[in-house]
Amino acid sequence: MKNFILSILLIAALAGILQLFLPWWIIAPVAFVVALLIKQSGWMAFASGFLAIFLLWVAYAFTLSSANDNILANKVAVLLKAITQGSTIGLYLFTGLIGGLTGGFGALTGSQVAGLK
């Protein structure tokens, strides 16, 4: 459990900092490297990568959207009505899902490579 929480914190912190300067997909290599260094089972690595990036992206989307009273988020949520049901909360969750899957699969890959040694 200690490795799981440490992994979540490291992935979220490193990805949050590096995304300020690098492209969005830096989350996958960050999750890969953290899972490579912190030994966990495949499911735990995926869960830690998914949860770290999901929470990071939902919090970041909420923070950015709150700065302009959700004007843009409301319009995007209406455009993606089939996915978000027209709600900004649905948009935040969808955003987190995309990032979470990317981070989760990056961490799973790192865990599997670490097991090959």
[X]-[Y] co-clustered via ILVMFWY side chain contacts under 4.5 Å:
X	Y	value
I8	V34	no
L56	L9	no
L72	L64	no
L10	M1	no
V30	L6	yes

Working to the nearest 0.5 angstrom, can you tell me the gap between [X] [atom1] and [Y] [atom2]?
X	Y	atom1	atom2	result
F94	I98	CZ	CD1	4.0 Å
I17	Q19	CD1	CD	11.0 Å
T102	I27	OG1	CD1	4.5 Å
K2	I38	NZ	CD1	10.0 Å

Next on the checklist: Quick check on I89: does its CD1 atom have over 12 non-hydrogen neighbours (other residues, nucleotides or ligands) under 6.0 Å away?
Outcome noted: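 Result for CD1/I89: open.
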
Next on the checklist: Can you confirm whether more than 12 heavy atoms, excluding those of Y60, are under 6.0 Å from its OH atom?
Outcome noted: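 It does not: Y60 OH has 12 such atoms or fewer within range.
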
Looking only at atom types and distance, does a side-chain atom of [X] sit under 3.5 Å from a main-chain N or O of [Y], one as donor and one as acceptor?
X	Y	value
S111	A107	no
T84	A77	yes
S48	A45	yes

Smallest separation among heavy atoms of [X] and [Y], with atom names:
X	Y	answer
F4	Q40	CA-OE1, 3.6 Å
W57	T95	CE3-O, 3.3 Å
Q85	A82	NE2-O, 3.8 Å

Checklist entry - Per the side-chain contact (heavy atoms from CB on, under 4.5 Å) rule, which among I11, L97, L101 passes with I53? => result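 Result for side-chain contact (heavy atoms from CB on, under 4.5 Å) with I53: I11.
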
Checklist entry - Is the closest side-chain heavy-atom distance between F21 and I26 below 4.5 Å? => result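 With C-beta onward as the side chain, the pair stays apart.
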
Checklist entry - Between F50 and F46, how do the two ring planes meet: parallel, tilted or perpendicular, split at 30° and 60°? => result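 If you compare the ring of F50 with that of F46, the planes turn out parallel.
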
